[in-house]
**Q** 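Okay, handing you the structure first.
Count residues from 1 along the sequence. One-based numbering, in listed order, for ligands and for the atoms of each.
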Amino acid sequence: MLDPKNFHYVSADITAWIDKYLNQITSFPVKSQVRPGEILEKLPRQAPAQSESLDQIMKDLDEIILPGITHWQHPNFHGYFPANNSVESILAEFITAAIGAQCMIWDTSPAAAELEQRMMEWLREAMGLPSGMEGVIQDSASSASLAALLTAREVATGFSSNQDGISGKLRVYCSSEAHSSIEKAMGICGMGRNNLVKVGVDEQLRLLPGQLERLIIADLAADYIPCAVVATMGTTGTVSVDPLKEIAQVCEKYDLWLHVDGAFAGTALMLPEYRWMSEGMERVDSFVFNPHKWMFTNFDCSVFFVKNPQLLIRTFEILPEYLKTKTRGTVNDYRDWGVPLGRRFRALKLWFVMRSMGLTEIRETLRKHIRLNDLFANEMGRREEFELLLPPFLNFTCFRMKPDGNSDEATSNRLNEKLLEAINGRGHIFLTHTRISGLFALRIMFGQTYVEQVHVELALEEIFRVAELVR
Ligand SMILES: *Cc1c(COP(=O)(O)O)cnc(C)c1O
């Protein structure tokens, strides 16, 4: 074990490694090209009995681990949603590890609780959220949505389900495009996956509020208990935004919990020109978005806002003797705001990011990503052999190679699958896919922190070149 007295010397090697990694990241293939089991074969079957030097470990990091890494911070990474970071966030994470505090309650680190509270207020203000909402940091949007549904369940059953288990057939509604974490949460919280009612969508894949209301009415007639609606602000497949205002009116009418999953696109509320997405937010009970996706804060950092934290606390509070404190009730003990007891000091990296960038640079960078995407979509839209499957939105475009005149849907799907595989196999850029009404479509995102116009140009060139090869 190293002596902290030597930290200065050994950490210099690690920071030099990080420096090199960040500045030479484009020398790696974006997507790892290893086959299943390849890394495992190179790892000893047993833990070493004797101490090994950091030098030995770092050598294996380069030789064994790095080839098996897909480089999410590569500016040519355009897959899934981003999980971007920034130098400030990396440094704060370093410090968080050094402090190593367990931030379960105010007493276990008052600064962590109070910094978290203030960061949530900064974000609420910067995103134009209703002034009454209060926030808490969670590990992921999946956990936040689970916390929302557990709370909705308690509210719908008069806070009896935690004690007695669920009785009655509770129903939750979301669109067919909602994230799989909602379905997962339905199973975990005991309401049951079959009681998640999937509402249909319009041609832009947005939830149909009229159909939502009809499904609720039918459920009431069949003695179900409607409990909650989950609206998505930016679906994972195509970044569609459900019409919140109309959904909120339905929730008001039937007295239902309204949770908004804005894991990715919620960040765009930082930009006043996208605040139309949050129209109706006054009626929303809970809202989640991930600074660890598109706000320069390394994974994990998910921000969960609720209208009434007392409902959350009543759902999660449990008070063993060893956690009883004198400050209880006068401060925020965030362990009562979600599932885990132990909590990392995640507010620190948000503080570093928001202070060192300032709202102005955060907004400018988001707008830059949106402009880069427009550039891509314009060029792609002009090409004869390609088509955009939806209008480009935020920093996201969905496109595919057009089928030639007489080929059927299956053939054209196969062609686009082949295109995607060939692109990712070359390692210059990385894209992922979705399906829209059965059509295989390629997705591209411009959300890595340091992405620039040259990377848009490279993506276009690469896609057009590979398209020639697979046709
Ligand atoms: C990414 C995503 C999630 C899951 O986020 P985690 O933080 O990884 O749990 C949930 N919902 C939507 C809409 C997403 O895009």
**Q** Of the protein's non-hydrogen atoms, which lies at the shortest distance from atom 2 (C) of ligand 1, and what is that distance?
**A**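 The protein heavy atom lying closest is Lys293 NZ, 2.4 Å.
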
**Q** Give the numbers and elements of all ligand 1 atoms closer than 4.0 Å to a heavy atom of Asp261.
**A**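 The atoms of ligand 1 under 4.0 Å from a heavy atom of Asp261 are 10 (C), 11 (N), 12 (C), 13 (C).
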
**Q** Does the Asp285 side chain pair with the main chain of Lys307, one donor and one acceptor, at a distance under 3.5 Å?
**A**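 No; judged by distance alone, with no hydrogens or angles, the pair does not exist.
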
**Q** Using salt bridge (charged side-chain N to carboxylate O under 4.0 Å, His left out) as the criterion, point out the one residue from Glu417, Glu387, Glu409 that pairs with Arg400.
**A**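 When salt bridge (charged side-chain N to carboxylate O under 4.0 Å, His left out) is applied between Arg400 and each of Glu417, Glu387, Glu409, only Glu387 qualifies.
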
**Q** Students should be able to answer this: which protein heavy-atom is nearest to atom 9 (O) of ligand 1, and at what distance?
**A**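 Here the closest protein heavy atom is Ser142 OG, 2.6 Å.
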
**Q** Does Met233 have a non-hydrogen atom less than 4.0 Å from ligand 1?
**A**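 So Met233 does not count as touching ligand 1.
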
**Q** As an exercise, identify every atom of ligand 1 less than 4.0 angstrom from a heavy atom of His292.
**A**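 Checking each atom against His292, I get 7 (O).
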
**Q** Do the side chains of Phe304 and Leu312 get nearer than 4.5 Å, heavy atoms only?
**A**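 Contact flag for Leu312/Phe304 side chains = yes.
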
**Q** Ser145 and His259: side chain to side chain donor-acceptor pair (under 3.5 Å), yes or no, with the steps?
**A** CA-CA 8 Å; Ser145 293; His259 174 60; 2.9 Å; yes

**Q** Using a 4.0 Å cut-off to any heavy atom of Ala263, which atoms of ligand 1 qualify?
**A**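 Going through ligand 1 atom by atom, the ones under 4.0 Å from Ala263 are 2 (C), 3 (C), 10 (C), 11 (N), 12 (C), 14 (C), 15 (O).
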
**Q** Specify the protein heavy atom at minimum distance from atom 4 (C) of ligand 1: its residue, its atom name, and the distance to 0.1 Å.
**A**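 The answer is His179 CE1, 3.5 Å.
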
**Q** Parallel, tilted or perpendicular: which one describes the rings of Phe446 and Phe376, with boundaries at 30° and 60°?
**A**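 Phe446 and Phe376: tilted rings.
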
**Q** May I ask whether Thr235 has any heavy atom positioned less than 4.0 angstrom from an atom of ligand 1?
**A**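 Contact absent.
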
**Q** Ligand 1 versus Asp300, non-hydrogen atoms closer than 4.0 Å: side chain, backbone, both, neither?
**A**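 Neither; no heavy atom under 4.0 Å.
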
**Q** Hey, is ligand 1 close enough to Asp139 that some N/O pair sits below 3.5 Å?
**A**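 No, no N or O pair falls under 3.5 Å.
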
**Q** Relative to the heavy atoms of Phe81, which atoms of ligand 1 are at a distance of less than 4.0 Å?
**A**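 The atoms of ligand 1 under 4.0 Å from a heavy atom of Phe81 are 15 (O).
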
**Q** Taking Asp242 for its side chain and Ala231 for its backbone only, find out whether a donor-acceptor pair lies under 3.5 Å.
**A**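 No; judged by distance alone, with no hydrogens or angles, the pair does not exist.
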
**Q** At a 4.0 Å cut-off, with the gap strictly under it, does some heavy atom of Gly234 reach an atom of ligand 1?
**A**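 Yes; Gly234 lies near enough to ligand 1 that a heavy-atom distance drops under 4.0 Å.
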
**Q** Do side-chain atoms of Ser142 reach the backbone of Ser181 as a donor and acceptor pair under 3.5 angstrom?
**A**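 Looks like no, no N/O pair under 3.5 Å.
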
**Q** Could you walk me through whether Trp257 and Ser286 satisfy the side chain to side chain donor-acceptor pair (under 3.5 Å) test, starting with their C-alpha distance in whole Å, then the side-chain angles of each, then the deciding distance to 0.1 Å, before giving a yes or no?
**A** CA-CA 8 Å; Trp257 186 278; Ser286 53; 3.0 Å; yes

**Q** Tell me which protein heavy atom sits closest to atom 6 (P) of ligand 1, plus the residue, atom name and distance to 0.1 Å.
**A**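 Answer, as residue, atom name and distance: Ala141 N, 3.6 Å.
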
**Q** Can an N or O of Thr232 be found at a distance shorter than 3.5 Å from an N or O of ligand 1?
**A**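 Looking only at distances, the answer is no, because the N/O contact criterion of under 3.5 Å is not met.
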
**Q** Tell me if a side-chain donor or acceptor on Gln73 pairs with a main-chain N or O of Leu22 at a distance below 3.5 Å.
**A**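 No; zero donor-acceptor contacts below 3.5 Å.
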
